[in-house]
Amino acid sequence: MTLLFDTHTHLDSYKFDEDREAVIQRAKDAGVHMLVNIGFNRETIPTTMALAEKYDFIYAAVGWHPVDSIDMLPEDLEWIERLCAHEKVVAIGEIGLDYHWDTSPKDVQQRVFREQIRLARKVGKPIVIHNREAHEDVIRILQEENAAEVGGVMHCFSGSYETAKQCLDMNFYISFGGPVTFQNARVSKEVLKQVPLDRILIETDAPYLAPHPFRGKRNESAYVLRVAETAAELLGKTVEEIGAITTENGKKCFGIV
């Protein structure tokens, strides 16, 4: 069986409330032997921690999503810092900037982003970056805050290779999700072919961004196999090789022994 690492998922989402156990079993049956669940606000951090404590193969990332930046209080940042001492917490995230949804002002998003990068450097954890329609500001802030010191993941990367190169230069891994499997994903496919093999990760972002042929439906961690298949096809590798490479990369990125 191909062993796969889904490096970004939200299995605590309410969209899995009816069949979460079955979804997790399907992931295991598909070869997913590691996954990182993302807790990104006051509601999802506790449910993410509960999953990580229940399943030995589920790890946690905790942080404050840019869309929810307006709601973050100083005590929330302190809470995240305390959780970083937990043995199953492997990253701070997802954090970053989202200029698509107009829920948190840009200056608030940028302040919260900077605070969490500084926290990551303080506790020595990698960061998981959410970047939507904010490439220039994300790169600038990562550079200004010396994020290269901790590195991390550019989650569900959708930018150009030029942007990817700037991220690679700052010690980041480039993660590809369901959209790279779409027939019209020309840019993402070209970027995937150019990123060094030892810096590629795969993910689902379940329940969002389901890959072909499930586009538009609920995503789940088992479908990371579809991303691995696309990567294998583009890179001239077997699915087993892609699984092994991206698993090793994920373990290295998140400091999992």
For this session: Determine whether more than 12 heavy atoms belonging to other residues, nucleotides or ligands lie under 6.0 Å from atom CD of E233.
Result: no

Problem set entry | Side chains of F113 and I129 in contact at under 4.5 Å (non-hydrogen atoms) | yes

For this session: Look only at the side chain of S221 and the backbone of A27, and say whether a donor-acceptor pair between them is shorter than 3.5 Å.
Result: no

For this session: Report the C-alpha separation of K165 and Q194 in whole Å, then their side-chain angles, then the decisive distance to 0.1 Å, and conclude whether the side-chain contact (heavy atoms from CB on, under 4.5 Å) test is met.
Result: CA-CA 9 Å; K165 181 67 169 61; Q194 294 180 77; over 6 Å; no

Exercise. So does K54 pair up with E21, basic N to acidic O under 4.0 Å?
Worked result: yes

Problem set entry | Donor-acceptor pair, side chain of R20 and main chain of L11, under 3.5 angstrom | yes

Exercise. Are L97 and I70 connected, step by step, through hydrophobic side chains (Ile, Leu, Val, Met, Phe, Trp, Tyr) whose heavy atoms are closer than 4.5 Å?
Worked result: yes

For this session: Mark yes or no: K106 above the aromatic ring of Y99, with NZ or CZ under 6.0 Å from the six-membered ring centre and no more than 45 degrees from the axis.
Result: yes

Exercise. Does E53 pair with K88 as a salt bridge, N-O distance under 4.0 Å?
Worked result: no

Problem set entry | Option passing salt bridge (charged side-chain N to carboxylate O under 4.0 Å, His left out) with E145 (candidates R140, K122, R114) | R114

Exercise. With side chains defined as the heavy atoms from C-beta onward, is the minimum distance between M49 and V62 less than 4.5 Å?
Worked result: yes

Problem set entry | Smallest separation among heavy atoms of V191 and S160, with atom names | CG2-C, 3.8 Å

Problem set entry | Polar side-chain atom of N41 near backbone of T44 as donor-acceptor pair, under 3.5 Å | yes

For this session: Compare all side-chain heavy atoms of S104 with those of W64 and state whether any distance is below 4.5 angstrom.
Result: no

Problem set entry | Side-chain heavy atoms of I141 within contact of I117, under 4.5 Å | yes

For this session: Test E220 against every option in K28, R226, R26 by the salt bridge (charged side-chain N to carboxylate O under 4.0 Å, His left out) rule and name the one that passes.
Result: R26

Problem set entry | Chi angles and distances behind the side-chain hydrogen bond (donor to acceptor under 3.5 Å, both in side chains) call for N37, T9 | CA-CA 5 Å; N37 204 83; T9 189; 4.7 Å; no

Problem set entry | Single-linkage hydrophobic cluster V224~I174, side-chain heavy atoms < 4.5 angstrom | yes

For this session: Work out which heavy atom in H100 is nearest to a heavy atom in E133; give both atom names and the distance.
Result: ND1-OE2, 2.9 Å

Problem set entry | Side chain proximity check, Y59 to L35, heavy atoms < 4.5 angstrom | no

For this session: Establish, from distance only, whether the side-chain atoms of N146 and E149 form a donor-acceptor pair under 3.5 Å.
Result: yes

Exercise. What are the two closest heavy atoms between C253 and P126, and how far apart are they?
Worked result: O-CG, 3.5 Å

Exercise. Any salt bridge between R111 and E115, counting N to O under 4.0 Å?
Worked result: yes

Exercise. If you draw a 6.0 Å radius around OH in Y14, do more than 12 non-hydrogen atoms from other residues or ligands fall strictly inside?
Worked result: no

Exercise. With under 30° as parallel and over 60° as perpendicular, where do the rings of H155 and H8 fit, or are they tilted in between?
Worked result: parallel

Exercise. Among all residues two or more places apart in sequence or in another chain, which pass the ring pair (Phe, Tyr, Trp, His ring centres under 6.0 Å) test with F254?
Worked result: none

Exercise. What is the distance from atom CD1 of I256 to atom CD of E248, rounded to the nearest 0.5 Å?
Worked result: 11.0 Å

Exercise. Rounded to the nearest 0.5 Å, how far apart are CG of L142 and CD1 of I127?
Worked result: 5.5 Å

For this session: Would you indicate whether the side-chain heavy atoms of T230 and K189 approach each other to under 4.5 Å?
Result: yes

Seminar exercise, completed: Nearest heavy-atom approach of D12 to T47 is OD2-OG1, 2.6 Å

Exercise. Within a radius of less than 6.0 Å around CD of E18, do more than 12 heavy atoms belonging to other residues, nucleotides or ligands occur?
Worked result: no

For this session: Could you state whether L209 and L225 fall into the same hydrophobic cluster, counting links through intermediate Ile, Leu, Val, Met, Phe, Trp or Tyr residues with side-chain heavy atoms under 4.5 angstrom apart?
Result: no

Problem set entry | Partners meeting side chain to side chain donor-acceptor pair (under 3.5 Å) with Q25 (sequence neighbours left out) | D29

Exercise. Ring pair (Phe, Tyr, Trp, His ring centres under 6.0 Å) with F214: which residues, sequence neighbours excluded?
Worked result: Y223

For this session: Could you tell me the separation between the CG atom of D98 and the CD atom of Q109, rounded to the nearest 0.5 Å?
Result: 6.0 Å

Exercise. What's the spacing between I245 CD1 and I202 CD1 if we round to 0.5 Å?
Worked result: 10.5 Å

Exercise. Is the backbone N or O of Y208 less than 3.5 Å from a side-chain atom of N219, with the two atoms forming a donor-acceptor pair by type?
Worked result: yes

Problem set entry | Partners meeting side chain to side chain donor-acceptor pair (under 3.5 Å) with T246 (sequence neighbours left out) | none

Exercise. Quick one: are P196 and L168 in side-chain contact, heavy atoms under 4.5 Å?
Worked result: yes

Problem set entry | Under the ring pair (Phe, Tyr, Trp, His ring centres under 6.0 Å) test, residues paired with F40 that sit two or more places apart | H10, H65

Exercise. Can you check whether I200's main-chain N or O pairs, donor with acceptor, with N249's side chain at less than 3.5 Å?
Worked result: yes

Exercise. Are L201 and V239 joined in one hydrophobic group, where the rule is that I, L, V, M, F, W and Y side chains link up if heavy atoms are under 4.5 Å apart?
Worked result: no

Problem set entry | Hphob cluster co-occupancy, V67 + I80, side-chain heavy atoms under 4.5 angstrom | no

Problem set entry | Electrostatic pair D76-R42, nearest N-O below 4.0 angstrom | yes

For residues 175-187, which side-chain donor-acceptor pairs fall under 3.5 Å, sequence neighbours excluded?
| unit_1 | atom_1 | unit_2 | atom_2 | d |
| --- | --- | --- | --- | --- |
| S175 | OG | E203 | OE2 | 2.8 |
| T181 | OG1 | G178 | O | 2.6 |
| T181 | OG1 | H212 | N | 2.9 |

Exercise. So, do L77 and M72 sit near enough that their side-chain heavy atoms are less than 4.5 Å apart?
Worked result: yes

Exercise. Between T2 and E240, which heavy-atom pair has the shortest distance, and what is it?
Worked result: OG1-OE2, 3.2 Å

Exercise. Taking atom CZ of F5 and atom NE2 of H33, what is their separation to the nearest 0.5 Å?
Worked result: 7.5 Å

For this session: Grab the two heavy atoms, one from F172 and one from V153, that are nearest each other, plus how far apart they are.
Result: CD2-N, 3.5 Å

Exercise. What distance do L192 atom CG and L235 atom CG have between them, rounded to the nearest 0.5 Å?
Worked result: 5.0 Å

For this session: With side-chain hydrogen bond (donor to acceptor under 3.5 Å, both in side chains) as the test, would you mind laying out the steps for Q110 and D107 before giving the verdict?
Result: CA-CA 5 Å; Q110 292 180 17; D107 62 328; over 6 Å; no

For this session: Evaluate the criterion side-chain contact (heavy atoms from CB on, under 4.5 Å) for residue pair M154 and T163; output intermediate values, then yes/no.
Result: CA-CA 10 Å; M154 303 307 294; T163 300; over 6 Å; no

Exercise. Checking S69 side chain against P66 main chain: does a donor-acceptor pair fall under 3.5 Å?
Worked result: yes

Problem set entry | CG/D17: more than 12 non-hydrogen atoms of other groups inside 6.0 Å | yes

